[in-house]
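In this text the structure is predicted, and so the values were computed from the model without any measurement.
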Amino acid sequence: MPLLIDGGIPLHGTVTAAGSKNAALPIMAASILATGPVTLRRVPHLTDVATLERVLRELGLAAHRSVDGTLRLTAIDSTRCRASRRWVSQMRASFCVLGPLLARRRKAIVAVPGGCAIGARPIDLHLRGLAALGADIRVTNGYYVARARRLRGATIDLTGPRGTTVTGTANVMSAAVLARGRTVISSAAREPEIVDLGRFLITLGARIAGLGTSTIEILGVESLGSADHTIIPDRIEAATLLLAGAVTRGSVTVERVVPEHLDAVLGVMDAAGVAIEVGSDWIRASGCHYLRPVTIDALPYPAIPTDVQAQLTVLTTLARGTSTVRDRVFPERFAHVQQLRRFGADVERTADGVVVRGVSKLVGANVRATDLRASAALVLAGVAARGRTTVLGTSHLSRGYDGIDSKLRALGGRVEYRTCLAAGLAPRVASDAANSTADLLAATE
């Protein structure tokens with residue numbers, strides 16, 4: 001359904017961050033390793049979570065989710081090893097079942113993964129790491145077929161062309177906890193979501209050291225038990241909501257966060273002139289009338305996350321002066337540029353990023369989301385812009401944001417989902433879709 005936004009209203013108030021999508025998904029996949037029941041708390045209500053639930057049911061796990069975000073997973077059939085194309089093709093994180101399946105059930109048949117169109121995301125590092133543990137991996141008819149009688153510890157370097165790999169670290173770490181002997185992962189991802197996965201595995205009975213550093217050491221165990229684990233707050237959602245306050249010249253407080261997870265993002269916002277206040281588990285961002293230009297480089301943690309690059313770009317469109325934005329993780333992740341121009345933003349694509357010349361105001365527009373974080377950027381532009389904005393392609397939003405419309409309304413925003421007919425969009429939907437495809441191609445030239 002289209003999302004209608006009547007923007008230009010300063011947002012004020014307090015909202016609570018949901019549990020982290022990027023932590024919940026690999027932890028759900030790692031539940032395959034458990035011999036007992038797993039209880040996960042603060043699991044966000046997202047379509048990506050629902051998709052992975054379907055994958056896990058297909059693999060013989062019973063999944064029961066409560067309204068309060070509690071998810072209970074129990075293995076009822078440990079013979080199933082095939083994750084079908086039907087679900088895995090919808091979401092890249094589904095590929096995180098490969099390592100746990102291989103370690104626990106000695107065999108894994110997993111379809112080639114899908115996900116957002118944000119540039120090349122090769123899985124070579126996943127496969128190289130699992131092969132180093134002793135897995136035999138082949139590709140057959142669009143499926144990765146992996147086998148191993150018993151994985152064995154190894155020294156594994158996950159250095160890739162763009163640094164390390166978060167999902168690759170999750171896959172290899174989840175496999176190594178049941179491997180015989182000691183595994184050392186160098187160039188491991190340091191992201192809080194990987195630390196949260198490690199803590200979950202330790203609760204199951206794994207032996208892991210070095211979480212949060214680039215070297216993780218694992219001593220394999222014979223089996224893992226059960227766990228009751230609470231998912232960390234979603235730092236990407238928190239950043240998006242804080243930026244909503246900044247771009248509307250309002251003041252937004254996000255509670256139930258881990259402030260240090262957002263240090264790099266808060267640093268950029270502060271440099272741009274946004275007033276930042278930080279408590280033990282809350283952050284407040286208050287906008288100003290004259291934003292300053294900034295330089296943004298998205299890099300692996302602890303730097304600015306690629307998942308906030310598009311949202312920060314919106315902030316720069318309203319700054320006085322010229323900003324530069326580069327994404328070193330996904331250099332092609334700029335499909336939102338063409339859509340931001342429809343708001344009146346002055347954004348120019350360059351060889352390695354974008355140059356943004358700030359404007360005095362954004363104006364409401366009809367736009368179409370092309371991926372998850374681009375959709376969040378368009379919502380931010382919509383709440384900042386004067387007049388009405390209609391965002392199409394909102395299925396992306398529900399993949400990563402738990403009730404963002406209701407949270408923005410709680411802050412005073414005029415944000416509402418409507419059917420195409422109710423929004424008066426029926427004659428334009430087809431042409432908007434065609435335009436968005438052309439825009440996407442142009443944005444990646």
Check your understanding: Given L56 and M28, is the side-chain contact (heavy atoms from CB on, under 4.5 Å) satisfied, shown in steps?
Key -> CA-CA 8 Å; L56 294 177; M28 288 171 63; 4.1 Å; yes
Find the distance between [atom1] ([X]) and [atom2] ([Y]) and round it off to the nearest 0.5 Å.
X	Y	atom1	atom2	value
R199	L204	CZ	CG	15.0 Å
I27	I231	CD1	CD1	4.0 Å
L266	I276	CG	CD1	5.0 Å
F200	I232	CZ	CD1	14.0 Å
I109	L101	CD1	CG	9.5 Å
L71	R41	CG	CZ	11.0 Å

If only atom types and distance count, is the side chain of [X] paired as donor or acceptor with the main-chain N or O of [Y] below 3.5 Å?
X	Y	result
T248	L11	yes
E237	A18	yes
R106	R147	no
S20	A23	yes
S323	A319	no
T164	S187	yes
D346	G358	no
R57	A63	yes
S66	D68	no
S94	Q90	no

Heavy-atom side-chain contact between [X] and [Y] under 4.5 Å:
X	Y	value
I216	I218	yes
T316	V354	no
L127	L98	yes
T183	E217	no
L380	L315	no
T215	I185	no
V415	K407	no
R190	P302	yes

Check your understanding: CZ of R284: more than 12 outside heavy atoms within 6.0 angstrom?
Key ->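 For R284, atom CZ is crowded (more than 12 foreign heavy atoms under 6.0 Å).
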Review point. When you check the side-chain N and O atoms of D371 and H336, is any donor under 3.5 Å from an acceptor?
Key: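 No, no side-chain donor-acceptor contact under 3.5 Å.
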**Study point:** No-hydrogen, no-angle side-chain donor-acceptor test under 3.5 Å, Y301 and R235
**Key:**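 Result is no, nothing qualifies.
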Practice item. Begin from the C-alpha positions of H12 and L411 and carry the test side-chain contact (heavy atoms from CB on, under 4.5 Å) through to its verdict. Key: CA-CA 5 Å; H12 292 274; L411 296 170; over 6 Å; no
Exercise for review: List the steps, then state whether side-chain contact (heavy atoms from CB on, under 4.5 Å) holds for R256 with W282.
Suggested key: CA-CA 6 Å; R256 204 161 183 180; W282 58 268; over 6 Å; no
For the pair [X] and [Y], find out whether any cationic side-chain nitrogen is under 4.0 Å from an anionic carboxylate oxygen.
X	Y	result
E222	R150	yes
D270	R292	no
E58	R80	no
E348	R357	yes

What closest approach, in Å, do [X] and [Y] show between heavy atoms, and which atom pair accounts for it?
X	Y	result
A24	P44	CB-CD, 4.1 Å
A238	L262	CB-CD1, 4.0 Å
V221	L178	O-CD2, 3.5 Å
L224	G205	CD2-C, 3.5 Å
L133	V172	CD1-O, 4.1 Å
L197	A30	CD1-CB, 3.9 Å

**Study point:** Pairing residues for D136 by the side-chain hydrogen bond (donor to acceptor under 3.5 Å, both in side chains) criterion, not counting sequence neighbours
**Key:**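 R138.
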Check your understanding: Taking R333 as the fixed residue, which of D307, D352, D327 is the one that meets the salt bridge (Lys or Arg N to Asp or Glu O under 4.0 Å) rule?
Key ->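 When salt bridge (Lys or Arg N to Asp or Glu O under 4.0 Å) is applied between R333 and each of D307, D352, D327, only D307 qualifies.
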Practice item. Identify which one of V38, L73, T74 satisfies the side chain to side chain contact (heavy atoms under 4.5 Å, CB included) criterion when paired with L61. Key: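 Passing option: L73.
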Exercise for review: With sequence neighbours left out, write down each residue that passes salt bridge (charged side-chain N to carboxylate O under 4.0 Å, His left out) with D48, or none if nothing qualifies.
Suggested key: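 Residues passing salt bridge (charged side-chain N to carboxylate O under 4.0 Å, His left out) with D48: K21, R399.
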Exercise for review: Would you check, one step at a time, whether the test salt bridge (Lys or Arg N to Asp or Glu O under 4.0 Å) holds for R326 with D297?
Suggested key: CA-CA 5 Å; R326 290 179 289 265; D297 281 292; 2.9 Å; yes
Point to revise | T159/D157 under side chain to side chain donor-acceptor pair (under 3.5 Å): CA gap, chis, key distance, verdict | key: CA-CA 6 Å; T159 303; D157 185 353; 2.6 Å; yes
**Study point:** Evaluation steps, side-chain contact (heavy atoms from CB on, under 4.5 Å), between V367 and L392
**Key:** CA-CA 6 Å; V367 292; L392 300 175; over 6 Å; no
Check your understanding: Taking it one step at a time, do H126 and T167 satisfy side chain to side chain donor-acceptor pair (under 3.5 Å)?
Key -> CA-CA 8 Å; H126 299 236; T167 53; 3.2 Å; yes
